[in-house]
2 protein chains.
Amino acid sequence: MSATSSPARRTGGRSAAVLAAVRSAVEELVQERGAAQVTIPMVAERAGVNPTSVYRRWGDAASMINDLATYRMSPDRPLPDTGDLRADLIDWAQEIIEHFRQPAAAAMLRGGAAAAGAGDSDCLRNRRAEATLLVERAGGGVPVDDVIDHVIAPIVYRVLFRPWSLDQADLAADLVNRLFAGR
Amino acid sequence: MSATSSPARRTGGRSAAVLAAVRSAVEELVQERGAAQVTIPMVAERAGVNPTSVYRRWGDAASMINDLATYRMSPDRPLPDTGDLRADLIDWAQEIIEHFRQPAAAAMLRGGAAAAGAGDSDCLRNRRAEATLLVERAGGGVPVDDVIDHVIAPIVYRVLFRPWSLDQADLAADLVNRLFAGR
DNA sequence: TCCCTAAAGCAAAGATCATTGCGTTTAAGT
DNA sequence: ACTTAAACGCAATGATCTTTGCTTTAGGGA
């Protein structure tokens, strides 16, 4: 027995196939029925996988959905950089709106909101970090908290409680412009 | 048989007792375990009520939580009426902030957010109705959607994701004042 | 290529949830 | 006070989810 014993996970081949099938199934079902109505036996059937495999890997439906939905909005994507803070914020807000118009993304946000009591949603922590970056790059001028309160918060509110209102034309611009009103 | 037959709902007495017991049980359990882990048999047991009664009245856990979250803040309470829209909105916002500083109220909001999924249920619809009333009484001047986006949404966001920031001094005034900036 | 074993599949048992029919209680109207 | 039926409680049933022991498959290092 060698001293360095690596457990030797098996992430390729069959395991990867199961993961892919489950991911597709979850996304479809979340979109069709809403995250709360998605069960593990349901996902397993659509994925053509044994329910036991899913139970063993994720434990319960909430963990599974949270895990699979997390990868969506990349933290490494390039941020808008036009040289104009207002334009950058509008582009950025628009990206976020588009993101949350995907039902799976909205479902994850709901899950994050429900679980936020203990551990908080890193998805939104990233948004705050991005806002900070945008603002600081422009040399300040708008408090980050104001961006959260008046751009992110309205979007999140709409995602959670009035998803249809995300389609409103010029939403991103309207929200951002209010930040600069009376300055 | 008289022509006008009123269905004669029975909202008092025993029904009211059941409602109160269920409400308390749901608030406790949502706070303890999170909305996703709350089931109807569980609620019924803690409320000392038969599960069937709960199933008959609400149908499923999500509807129940959403319903109870919606009506926690009395819809009959008097709204601020100083004659000045801005002052009224600040008072009103302050009330809402105080309300959601109660952990049980915050937990119910999380539950409402998690259960909202389908899109037909907005546990904050009463707040919207109140905003409409305040604004219309003052003869308009501020769109109701703006009140939602820039006063309610920031409060809700903070309740869900950054509860400690509800203690910020002058939060209500700051939010409302931005509504009137540049007008 | 040959082991070793992580991970998937299978099947049965147990737990929990959800529905339904029927009798009982009791609020509301006369 | 009497009547009516809305809402509740109970119990049995069916559906669905979850766990568990065992077997089979196949990834990865030697």
Side-chain angles (χ1 to χ4, degrees), chain A residues 1-26 28-30 32-68 111 114, chain B residues 1-26 28-30 32-68 71 111 114-115 117-118:
Chain A
M1 175 191 288
S2 76
T4 61
S5 62
S6 52
R9 292 254 88 78
R10 298 188 178 178
T11 57
R14 189 159 65 160
S15 291
V18 168
L19 176 59
V22 168
R23 171 171 295 166
S24 301
V26 166
E28 288 174 23
L29 287 166
V30 164
E32 290 171 18
R33 312 172 45 104
Q37 316 299 328
V38 174
T39 69
I40 285 183
M42 210 168 192
V43 167
E45 186 186 356
R46 173 139 348 170
V49 160
N50 195 288
T52 306
S53 303
V54 183
Y55 278 115
R56 288 225 161 92
R57 202 191 280 208
W58 285 281
D60 62 280
S63 306
M64 177 187 64
I65 292 172
N66 232 34
D67 182 52
L68 294 180
Chain B
M1 175 193 287
S2 77
T4 60
S5 62
S6 53
R9 292 254 90 77
R10 302 192 176 177
T11 56
R14 188 161 63 160
S15 292
V18 168
L19 176 59
V22 168
R23 187 193 302 272
S24 300
V26 167
E28 288 174 22
L29 287 166
V30 166
E32 290 171 17
R33 310 170 46 102
Q37 317 299 328
V38 173
T39 68
I40 285 183
M42 210 168 188
V43 167
E45 186 186 357
R46 174 143 343 173
V49 161
N50 195 289
T52 305
S53 302
V54 183
Y55 279 116
R56 287 225 163 89
R57 201 190 278 209
W58 284 282
D60 62 279
S63 305
M64 176 187 66
I65 290 172
N66 217 351
D67 183 56
L68 295 178
Y71 294 106

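Here is the naming used below: chain letters follow the sequence lines, and residue numbers restart at 1 for every chain. All values below were derived from every heavy atom in this structure, side-chain atoms included, with hydrogens, water molecules and symmetry-related copies excluded.
- Every residue meeting the side chain to side chain donor-acceptor pair (under 3.5 Å) condition with B:Ser63, not counting sequence neighbours, appears here in chain and number order: B:Asp60.
- With rounding to whole Å, B:Met64 atom CE is found 14 Å from C:dA18 atom C1'.
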Could you list the donor-acceptor pairs under 3.5 angstrom formed by side chains in residues 33-42 of chain B, with sequence neighbours left out?
unit_1	atom_1	unit_2	atom_2	d
B:Arg33	NE	B:Gln37	O	3.3
B:Thr39	OG1	B:Met42	N	3.4

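- Dense packing is recorded around CD of A:Glu32, with more than 12 heavy atoms of other residues, nucleotides or ligands lying under 6.0 Å away.
- Rounding to the nearest 0.5 Å gives a distance of 8.0 Å between CG of B:Asp67 and CZ of B:Arg23.
- The separation between B:Trp58 atom CH2 and C:dA18 atom P is 15 Å, rounded to whole Å.
- Residue B:Ser53 has a polar side-chain atom (N or O) positioned under 4.0 Å from OP1 or OP2 of D:dG9.
- Residues of residues 35-47 of chain B that place a heavy atom closer than 4.0 Å to DNA chain C, in numerical order, are B:Thr39, B:Pro41.
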In sequence, state the C-alpha distance, the side-chain angles, and the governing distance for A:Arg57 and A:Val18, and then conclude on side chain to side chain contact (heavy atoms under 4.5 Å, CB included). CA-CA 10 Å; A:Arg57 202 191 280 208; A:Val18 168; 4.2 Å; yes

Polar pairs (N or O, both sides) under 3.5 Å between protein and nucleotides 22-24 of chain D?
none

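- What separates CG of A:Asp60 from P of C:dC17 is a distance of 15 Å, to the nearest Å.
- The C1' atoms of five pairs define one axis at each end of the helix from C:dT1-D:dA30 to C:dT30-D:dA1, and these two axes lie 50° apart (to 10°).
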Sequence neighbours left out, cut at 3.5 Å: what donor-acceptor pairs do the side chains of residues 48-56 of chain B make with other protein atoms?
unit_1	atom_1	unit_2	atom_2	d
B:Asn50	OD1	B:Thr52	N	2.9
B:Asn50	OD1	B:Thr52	OG1	3.0

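- Residue A:Tyr55 places none of its side-chain N or O atoms closer than 4.0 Å to OP1 or OP2 of D:dT19.
- Rounded to a whole Å, the CG atom of B:Asn50 is 14 Å from the C1' atom of C:dC17.
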What's touching nucleotides 12-14 of chain C from the protein side, N or O pairs under 3.5 Å?
none

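- Rounded to an integer number of Å, the gap from CZ of A:Arg57 to C1' of C:dG9 is 14 Å.
- Checked against side chain to side chain contact (heavy atoms under 4.5 Å, CB included), B:Ala25 has the following partners two or more places apart in sequence or in another chain: B:Val43, B:Arg46, B:Ala47.
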